[in-house]
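The structure under discussion appears below in the form of structure tokens.
Numbers restart at 1 for each chain; the letters A, B, ... are given by sequence-line order, proteins then strands. The figures that follow rest on heavy atoms only: side chains count, while hydrogens, waters and symmetry mates do not.
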Protein chains: 2
Amino acid sequence: MNGEAPHNNAESTGNLTRTPLSEQVRRIMLDNLVRGRWQAGQRIVERRLATELGVSQAPVREALRDLQAMRLVESSPHRGTRVGDLSPRRLCQVYPVRAALERLAAELSLPRLAEDPSRLEEHTEGMRRAAAAEDVDAQVRHGVAFHREILRAAGNAVLLPSWESLAVELWTHLSLTRVRTGLHENARDHEPIIEAFRRRDPDVGRLLQLHILGYAPQPIGAS
Amino acid sequence: MNGEAPHNNAESTGNLTRTPLSEQVRRIMLDNLVRGRWQAGQRIVERRLATELGVSQAPVREALRDLQAMRLVESSPHRGTRVGDLSPRRLCQVYPVRAALERLAAELSLPRLAEDPSRLEEHTEGMRRAAAAEDVDAQVRHGVAFHREILRAAGNAVLLPSWESLAVELWTHLSLTRVRTGLHENARDHEPIIEAFRRRDPDVGRLLQLHILGYAPQPIGAS
DNA sequence: GCTTGAGCGATGATCGATCGTCGGTTAACG
DNA sequence: CGTTAACCGACGATCGATCATCGCTCAAGC
């Protein structure tokens with residue numbers, strides 16, 4: 001497939017590290033989900049999508065597997081794949097898990113971040129700028145980066161991948177664009193967390209946990 | 001491949017639900033890891049494994065993806081896959097994450113399990129029997145089932161998959177067979193947790209968290 | 001008219017083959 | 001003899017094709 005045209009429909013023209021096709025496909029699919037081009041429950045036919053993207057079935061399949069691990073699509077053998085539940089109801093299930101993981105991360109990373117919270121500050125600054133420019137995408141990117149930095153600082157090679165598998169970036173985007181919480185409030189909300197790190201507050205974990213649960217439509221959604 | 005012979009090399013002869021090849025491959029690979037047939041860092045060549053198992057490259061690749069999501073193998077593009085770190089050091093990173101998730105699960109499932117902890121009791125009973133019979137496999141199975149039951153009772157569709165991706169069953173097996181903790185102690189260790197559920201102890205989450213961290217060689221392993 | 005099962009199209013699962021890259025090896029050069 | 005660059009085998013990534021299964025349709029039977 002992809003006959004003879006230079007298949008650089010991505011923004012990266014001539015970058016040295018060619019990304020695998022499956023990775024590119026994954027990004028496109030994520031983008032489709034974020035932009036709402038795909039509705040919940042909609043059928044995703046591997047071959048059709050492969051044809052549309054000009055690739056074979058294999059990379060599409062691999063990308064689909066990734067999204068499946070993130071619970072963004074649901075597959076059952078011989079019955080195909082369909083867009084998963086992206087409703088606020090599902091978000092209420094994602095956030096408690098995310099909050100629990102980040103609480104652990106905060107506790108583990110406390111010494112390191114108390115020593116040097118500069119990275120966190122950079123991201124809040126980025127959020128502020130993005131909010132001022134009304135750039136939702138950038139705001140999400142910085143907001144997620146803030147939290148990802150905490151995960152990274154925890155220094156646990158298992159914790160970060162588990163968190164990544166929650167597709168926080170996507171859910172944050174959906175939350176901002178669909179539920180439409182107050183936008184630029186976010187930057188300010190993160191200040192107390194940095195402060196807690198600075199003063200080595202042993203409750204920083206719980207603080208962060210509550211901070212995240214505050215994002216969910218209902219703070220606690222169980223059973 | 002698999003020329004003409006009925007490809008039922010699995011134990012399930014004539015079961016109605018044929019399992020996909022990739023699933024069978026995944027189980028075999030997990031077994032290889034548990035039994036120690038594969039050493040850490042060892043190279044896993046997709047095609048060689050495919051030939052050995054009498055299947056094509058595709059199902060092996062899919063199974064490999066699953067194990068990769070569980071951090072049991074490590075892959076990098078064009079450089080192949082190798083067996084991941086299965087050392088106690090890594091286990092010390094898995095258990096805090098697991099403990100955090102199960103703490104959340106316990107808190108969410110408290111009302112339900114306080115109402116009816118019979119399932120939990122069944123599993124501790126199973127653990128006792130398995131310990132008496134010195135059946136390590138069965139003991140692991142019941143021990144993990146105990147915890148999985150808590151996850152399931154939490155009723156969070158995101159929490160359970162996240163927990164499953166930690167490969168708790170495999171790590172428990174490794175912990176028991178390699179580090180060789182006291183065996184039949186496990187059944188008794190779980191009694192206080194059931195009791196905590198029964199009396200609706202709001203600290204049951206923390207109790208469970210500490211219970212799990214007690215399994216790790218060092219209770220807290222950070223940085 | 002309602003049920004039921006054969007037929008059919010759509011689709012996921014798997015396969016065998018090819019393409020391009022990576023890492024090590026070897027041979028030319030200084 | 002040490003360095004470097006072309007070469008080569010191995011392997012992952014991707015492809016196009018085939019196979020088996022599922023859900024649906026429609027007609028036969030009651």
- Task: Search all heavy atoms of B:Tyr95 against all heavy atoms of B:Ile212 and return the closest pair with its distance.
- Result: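 Closest approach of B:Tyr95 to B:Ile212: CD2-O, 3.6 Å.
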
- Message: Does the plane of the ring in B:His123 sit parallel, tilted or perpendicular to the ring in B:His142? Use 30° and 60° as the thresholds.
- Response: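 Geometry flag for B:His142 against B:His123: tilted rings.
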
Give [X] one of three labels, base, sugar-phosphate or nothing, depending on what nucleic acid heavy atoms sit under 4.0 Å from its own.
X	answer
B:Ile44	sugar-phosphate
B:Arg48	nothing
A:Ser75	nothing

Nearest-Å distance, [atom1] ([X]) to [atom2] ([N])?
X	N	atom1	atom2	answer
B:Gln57	C:dT18	CD	C1'	11 Å
B:Arg61	D:dT14	CZ	P	7 Å
B:His78	D:dG12	NE2	C1'	7 Å
A:Leu49	D:dC15	CG	P	12 Å
A:Leu53	D:dT14	CG	P	13 Å
A:Gln68	C:dA13	CD	C1'	14 Å
A:Glu46	D:dA17	CD	P	17 Å
B:Arg43	C:dG24	CZ	P	10 Å

- Query: Is the phosphate of D:dT14, meaning OP1 or OP2, less than 4.0 Å from a side-chain N or O of A:Ser22?
  - Reply: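 Affirmative; the distance criterion is met.
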
- Considering heavy-atom distances to DNA chain D, does A:Glu62 or A:Arg79 have its closest nucleotide positioned more toward the 5' end?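 Between the two, 5'-proximity favours A:Glu62.
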
- Message: Let me spell it out: for each of A:Pro77 and A:Glu23, pick the nucleotide of DNA chain D with the closest heavy atom. Which residue's pick is nearer the 5' end?
- Response: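 It is A:Glu23, whose closest nucleotide lies nearer the 5' terminus.
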
- Would you kindly check whether a donor in the side chain of A:Arg47 faces an acceptor in the base of C:dG12, or vice versa, at under 3.5 angstrom?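 Pair found.
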
- Message: With a 4.0 Å cut-off on N to O distance, would you call B:Glu164 and B:Arg148 a salt bridge?
- Response: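 Yes, this pair counts.
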
- Residue that, paired with A:Val83, satisfies side-chain contact (heavy atoms from CB on, under 4.5 Å) out of A:Leu72, A:Leu33, A:Leu67, A:Asn32: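 Going through the options one by one, the only one that passes is A:Leu33.
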
- Side chain proximity check, B:Arg129 to B:Asp135, heavy atoms < 4.5 angstrom: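 The answer is no; the side chains never approach within 4.5 Å.
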
